[in-house]
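Only a predicted model underlies this, so the values are computations on that prediction, with no experimental measurement involved.
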Amino acid sequence: MTEPSSYLEATADAYNGVAVLYADFVRDSLDELPLDRAVLAAFAELARSTGAGPVAELGCGPGYMTAHLRDLGLDAFGIDLSPVMIDLARQTYPGLRFDVGSMDALDLADGALHGIVSWYSVIHTPPRHIPSYFSEFQRVLAPDGHLLLAFFESEGEPVGAFDHKVVTAYRWPVDELAELAGKAGFTEVGRMLREPREGERFRRGHLLMRMG
């Protein structure tokens with residue numbers, strides 16, 4: 001087994017095992033997060049401004065964020081590594097499309113998407129593999145497409161692993177992650193850093209990027 005397939009398999013297995021509990025935990029999580037909703041609304045407005053093309057949520061889990069993107073007026077669908085998560089998403093949101101797949105090898109044509117949302121989904125990727133993910137995002141986005149990344153920000157520390165409740169994850173300096181996206185062909189539109197709320201351990205980072 002290669003190292004990349006090993007961490008992908010470990011991530012899928014971990015989320016398969018907690019899928020029902022995780023779905024219950026996140027289902028209404030946006031209700032108390034006005035800044036998160038604001039950055040999602042900004043992404044949706046930019047995506048709509050480029051046309052009516054599809055938007056993919058990569059690492060969609062149980063589908064609540066894909067449904068939120070739909071409610072913001074986007075032609076949204078979800079992709080996730082965990083088959084159990086995809087089954088839950090299909091059951092909960094039968095009017096939406098959900099597919100099993102990996103973010104580093106998407107079964108999508110070049111330039112097929114108008115937008116990508118990666119909402120805390122690259123956090124489990126070992127740092128050395130992040131550039132290949134950004135290259136894949138660049139491949140499937142149309143020339144005027146947008147990318148929204150949400151992640152755990154490292155608060156002045158270098159990129160490093162932490163004991164995420166599901167499986168090992170990584171915190172990133174926002175400037176370093178933006179630089180890596182820039183090397184893959186993205187230009188930063190804006191960023192939002194949110195301090196941790198009660199019950200949260202870390203600052204949350206959000207990067208809004210466009211192609212070119």
Side-chain angles (χ1 to χ4, degrees), residues 26-27 29-31 33-81 85-86 89-90 92-99 101-123 125 130 133-151 153 172 174 177-194 204-212:
V26 301
R27 182 173 293 113
S29 58
L30 284 174
D31 291 353
L33 299 174
L35 294 178
D36 297 48
R37 295 197 307 272
V39 76
L40 286 160
F43 165 83
E45 182 173 343
L46 289 169
R48 290 194 306 268
S49 73
T50 65
V55 170
E57 188 202 354
L58 303 181
C60 65
Y64 79 103
M65 182 63 68
T66 308
H68 184 74
L69 295 171
R70 184 261 327 267
D71 293 343
L72 291 172
L74 299 176
D75 177 17
F77 69 99
I79 297 174
D80 199 273
L81 198 60
M85 285 290 194
I86 290 298
R90 289 170 175 167
T92 308
Y93 308 102
L96 290 173
R97 170 188 164 192
F98 295 99
D99 299 325
S102 179
M103 291 182 290
D104 67 334
L106 295 164
D107 187 18
L108 296 169
D110 294 357
L113 301 176
H114 277 237
I116 288 173
V117 172
S118 172
W119 198 256
Y120 300 99
S121 57
V122 296
I123 62 170
T125 304
I130 287 289
Y133 280 64
F134 286 165
S135 294
E136 183 69 347
F137 296 174
Q138 188 269 348
R139 181 187 69 80
V140 299
L141 273 173
D144 54 357
H146 286 82
L147 167 66
L148 176 60
L149 297 169
F151 56 97
E153 211 275 329
W172 279 88
V174 62
L177 201 59
E179 182 180 356
L180 287 176
K183 290 178 179 178
F186 292 97
T187 299
E188 183 175 341
V189 174
R191 61 179 67 183
M192 188 271 281
L193 296 177
R194 176 172 67 73
R204 308 303 177 99
H206 307 77
L207 280 170
L208 184 53
M209 320 286 287
R210 63 173 171 79
M211 283 287 297

- Query: Yes or no on side chain to side chain contact (heavy atoms under 4.5 Å, CB included) for Arg210 and Asp144, after CA distance, side-chain angles and deciding distance?
  - Reply: CA-CA 7 Å; Arg210 63 173 171 79; Asp144 54 357; over 6 Å; no
- Message: Working note: Asp107 + Asp99, criterion side chain to side chain contact (heavy atoms under 4.5 Å, CB included); need CA distance, chi angles, decisive distance, verdict.
- Response: CA-CA 10 Å; Asp107 187 18; Asp99 299 325; over 6 Å; no
- Task: Might you work through the side chain to side chain contact (heavy atoms under 4.5 Å, CB included) test for Cys60 and Val117, ending with a clear yes or no?
- Result: CA-CA 9 Å; Cys60 65; Val117 172; over 6 Å; no
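When every heavy atom of Val55 is checked against every heavy atom of Ala47, the shortest pair comes out as CG2-CB, 4.3 Å. Closest of all the heavy-atom pairs between Met211 and Pro143 is CB-O, 3.1 Å. Nearest heavy-atom pair, Asp36 versus Met192, reported as atom, atom and distance to 0.1 Å: N-CE, 3.9 Å. Here the shortest heavy-atom pairing between Val174 and Glu153 reads N-OE2, 3.1 Å. Across all their heavy atoms, Leu30 and His68 have their closest contact at CD1-CG, 3.7 Å. The two residues Arg194 and Tyr120 come nearest to each other via the heavy atoms NH2-OH, 4.5 Å.
Side-chain contact check for Leu74 versus Phe43: some heavy-atom pair is nearer than 4.5 Å. Put simply, the side chain of Ile130 reaches to within 4.5 Å of the side chain of Leu177, judged on heavy atoms. Using a 4.5 Å heavy-atom cutoff, the side chains of Val26 and Met65 are not in contact. Contact check for Ser121 versus Asp80: no side-chain heavy atoms found under the 4.5 Å cut-off. Side-chain contact between His146 and Leu113 is absent, with no heavy-atom pair separated by less than 4.5 Å.
Atoms CZ and CG, from Arg97 and Asp75 in turn, are 9.0 Å apart once rounded to the nearest 0.5 Å. How far CG of Leu148 is from CG of Leu40: 6.0 Å, rounded to the nearest 0.5 Å. Rounding to the nearest 0.5 Å gives a distance of 4.5 Å between CD of Glu136 and CG of Leu106. Atom CG of Leu208 is separated from atom CD of Glu188 by 8.5 Å, given to the nearest 0.5 angstrom. The distance from atom OG of Ser135 to atom CG of Leu180, rounded to the nearest 0.5 Å, is 10.0 Å. For the atom pair Leu147 CG and Leu58 CG, the distance stands at 8.5 Å (nearest 0.5 Å).
Salt-bridge check for Arg48 with Glu45: failed, with every basic side-chain N at 4.0 Å or more from each acidic carboxylate O.
Residue His206 is tested with Phe151, Trp172, Trp119 for a ring-ring contact (aromatic ring centres under 6.0 Å, His included); the sole match is Trp119. Considering Leu207, Thr125, Leu149 as possible partners of Ser118, the one that fulfils the side chain to side chain contact (heavy atoms under 4.5 Å, CB included) test is Leu149.
At distances below 3.5 Å, at least one donor-acceptor pair connects side-chain atoms of Glu57 with backbone N or O atoms of Thr66. Looking only at distances, a side-chain donor or acceptor of Arg139 sits under 3.5 Å from a matching main-chain atom of Leu108.
Taking the six-membered ring for Trp and thresholds of 30 and 60 degrees, Tyr133 and Phe137 have ring planes more than 60 degrees apart, a perpendicular arrangement. Using cut-offs of 30° and 60° for the angle between ring planes, the Tyr93 and Phe98 rings count as tilted.
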